[in-house]
Q: 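Below you will find the structure I want to go over with you.
The model shown is predicted, which means the values in this text are computed figures rather than measured ones.
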Amino acid sequence: MINQVGDEKEARKAVRRFLAILVVIMPAPKQKPVISIQDVKMSYSLGDVEVPVLHGVSFEVYKGEFVAITGPSGSGKSTLMYLVGCLDYPTSGTIKLDGTDITQLTESDLAQVRGKKIGFIFQSFNLVKYLSAMENVSLPLMFRGITAGKRAELAKKFLEKVGLSHRLDHKPSELSGGEQQRVAIARALAGEPELILADEPTGNLDSKTGAEIIEMLEKLHAEGKTIVMITHDPGLAKRANRIVRIRDGRIEKGG
């Protein structure tokens, strides 16, 4: 009987050792990128002249990453954000969002993808000046067919999340720059998007308020949000966990 118990224990140990070895030698399944950009080129027409902006850009962003796209003015980083954000079509190349090639979608389908999968935070806030904070956050949800009661519930929830429970009925002119950007962040979050695109999110703010906003983005990243931030500020870019540097329409580093 004693020998039998001992044999069973040894057998279990052997199985555990074998499983441990499998964990080491078997590669983890490869994660699919949230964004995949392959050989994207972009030119604009100025009369009879074609002005190239992006020259065969390729890079990927994976779920849960916080990526900063940085570079000098005129490098093409904002154009790249507009393409990733389904706001424009590239001249050539492919852009896949969750495996779907968005360059092949109609403008109507592109708008649907943009509304459901992407939350935008702009440097200039882009709030409607005659609407309250609650109404500004609710507005994009209306175009998704969400009921008025649910819109109000979500708007209140996310305004509270960004610390504006006491500013629900205030219009942009009654809010500070930092508070307006918090409303913009709440608006981006309310649709529960898979991806947040932030274009110079601290550009119109003083250093103290800007620090508060970047800390908020870091917190969202820690909660699992995928964030792509456009910035010309190297110090701000270092707060991300990966930097993609672009210059003269080409990826210089981090692609």
Q: For atom CZ of Arg239, decide whether the heavy atoms of other residues, nucleotides or ligands shown that lie under 6.0 angstrom number more than 12.
A: yes
Q: Taking only Lys NZ, Arg NE, NH1 and NH2, and the carboxylate oxygens of Asp or Glu, determine whether Glu135 and Arg151 approach each other closer than 4.0 Å.
A: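 Arg151 and Glu135: not salt-bridged.
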Q: Are the side chain of Ser36 and the backbone N or O of Pro33 linked by a donor-acceptor pair below 3.5 Å?
A: no
Q: Any non-hydrogen side-chain atom of Leu139 less than 4.5 Å from a side-chain atom of Leu141?
A: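 In short, these two side chains do not touch, never coming nearer than 4.5 Å.
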Q: To the nearest 0.5 Å, tell me how far Phe143 CZ sits from Gln112 CD.
A: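 Rounded to the nearest 0.5 Å, the CZ-CD separation comes to 12.0 Å.
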Q: Within the 4.5 Å heavy-atom criterion, are Thr70 and Pro234 side-chain neighbours or not?
A: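 No, side chains not in contact.
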Q: Could you state the interatomic distance from NZ (Lys116) to CG (Leu97), rounded to the nearest 0.5 Å?
A: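 Between atom NZ of Lys116 and atom CG of Leu97 there are 13.0 Å.
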Q: Would you sort out whether Val183 and Val137 count as a side chain to side chain contact (heavy atoms under 4.5 Å, CB included), showing the intermediate values?
A: CA-CA 7 Å; Val183 174; Val137 175; 4.0 Å; yes
Q: Checking side-chain contact (heavy atoms from CB on, under 4.5 Å) against Leu159, which of Asn136, Leu164, Leu154, Ile185 comes through?
A: Leu164
Q: Quick one: does any side-chain atom of Tyr62 pair with a main-chain N or O of Thr226 as donor and acceptor, under 3.5 Å?
A: no
Q: Using modelled atom types only, decide if a donor and an acceptor are shared between the side chain of Thr231 and the backbone of Leu236 within a distance under 3.5 Å.
A: no
Q: Once rounded to the nearest 0.5 Å, what's the spacing between atom CG of Leu205 and atom CD of Gln123?
A: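 One finds 8.5 Å between CG of Leu205 and CD of Gln123.
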Q: Apply side chain to side chain contact (heavy atoms under 4.5 Å, CB included) to the pair Phe122 and Leu127, showing each step before the final yes or no.
A: CA-CA 10 Å; Phe122 296 100; Leu127 301 178; over 6 Å; no
Q: Between Ile121 and Gln181, is a side chain to side chain contact (heavy atoms under 4.5 Å, CB included) present by the stated rule, with each step listed?
A: CA-CA 8 Å; Ile121 303 169; Gln181 192 60 294; 3.4 Å; yes
Q: Check whether any side-chain N or O of Asp39 sits under 3.5 Å from a backbone N or O of Gly93 as a donor-acceptor pair, and report yes or no.
A: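 No: the side chain of Asp39 does not pair with the backbone of Gly93.
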Q: Can you tell me if Asp248 has over 12 outside heavy atoms packed within less than 6.0 Å of its CG?
A: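 Incorrect, the count does not exceed 12.
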Q: Applying side chain to side chain donor-acceptor pair (under 3.5 Å) to Glu50 and Ser45, what does each step give before you reach the verdict?
A: CA-CA 5 Å; Glu50 285 289 314; Ser45 297; 2.4 Å; yes
Q: Where the side chain of Lys77 meets the backbone of Gly71, is there a donor-acceptor pair that is under 3.5 Å apart?
A: yes
Q: Taking atom NE2 as the centre, does His55 end up with more than 12 heavy-atom neighbours from other residues, nucleotides or ligands that are less than 6.0 angstrom away?
A: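 Count over threshold, so yes.
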Q: To the nearest 0.5 Å, tell me how far Ile37 CD1 sits from Ile95 CD1.
A: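 Result: 5.5 Å between the selected atoms.
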Q: What residues join Leu46 in its hydrophobic cluster, counting side-chain heavy atom gaps under 4.5 Å, either direct or through other members?
A: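 Via sub-4.5 Å side-chain contacts, Leu46 links to Val49, Val51.
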Q: Apply side chain to side chain contact (heavy atoms under 4.5 Å, CB included) to the pair Lys129 and Lys171, showing each step before the final yes or no.
A: CA-CA 6 Å; Lys129 62 182 181 180; Lys171 295 179 180 178; over 6 Å; no
Q: State the CG-OG distance between Asp169 and Ser132, to the nearest 0.5 angstrom.
A: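 Asp169 atom CG to Ser132 atom OG measures 5.5 Å (nearest 0.5 Å).
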Q: Crowded around Tyr89 OH? As in, over 12 foreign heavy atoms under 6.0 Å?
A: yes
Q: Can you tell whether the side chains of Arg182 and Glu179 come within less than 4.0 Å, N to carboxylate O?
A: no
Q: What pairs meet the salt bridge (charged side-chain N to carboxylate O under 4.0 Å, His left out) rule with one or both residues in residues 194-209, with sequence neighbours excluded?
A: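 Every pair satisfying salt bridge (charged side-chain N to carboxylate O under 4.0 Å, His left out) with a residue in residues 194-209: Lys117-Glu194, Lys208-Glu212.
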Q: Is the count of non-hydrogen atoms from other residues, nucleotides or ligands lying under 6.0 Å from Glu107 atom CD greater than 12?
A: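 Open: at most 12 neighbouring heavy atoms sit under 6.0 Å from CD of Glu107.
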Q: With no hydrogens and no angle check, just 3.5 Å: does a side-chain donor-acceptor pair link Asn126 and Ser124?
A: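 Side-chain D/A pair, Asn126 to Ser124: present.
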Q: If I take atom CD from residue Glu153 and atom NZ from residue Lys150, how far apart are they, to the nearest 0.5 angstrom?
A: 4.0 Å
Q: More than 12 non-hydrogen atoms from neighbouring residues, nucleotides or ligands closer than 6.0 Å to NZ on Lys156, yes or no?
A: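 Atom NZ in Lys156 is not crowded, with 12 or fewer foreign heavy atoms closer than 6.0 Å.
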Q: Would you find a donor on one side and an acceptor on the other, under 3.5 Å apart, between the side chain of His170 and the backbone of Ala133?
A: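 Such a contact is absent between His170 side chain and Ala133 backbone.
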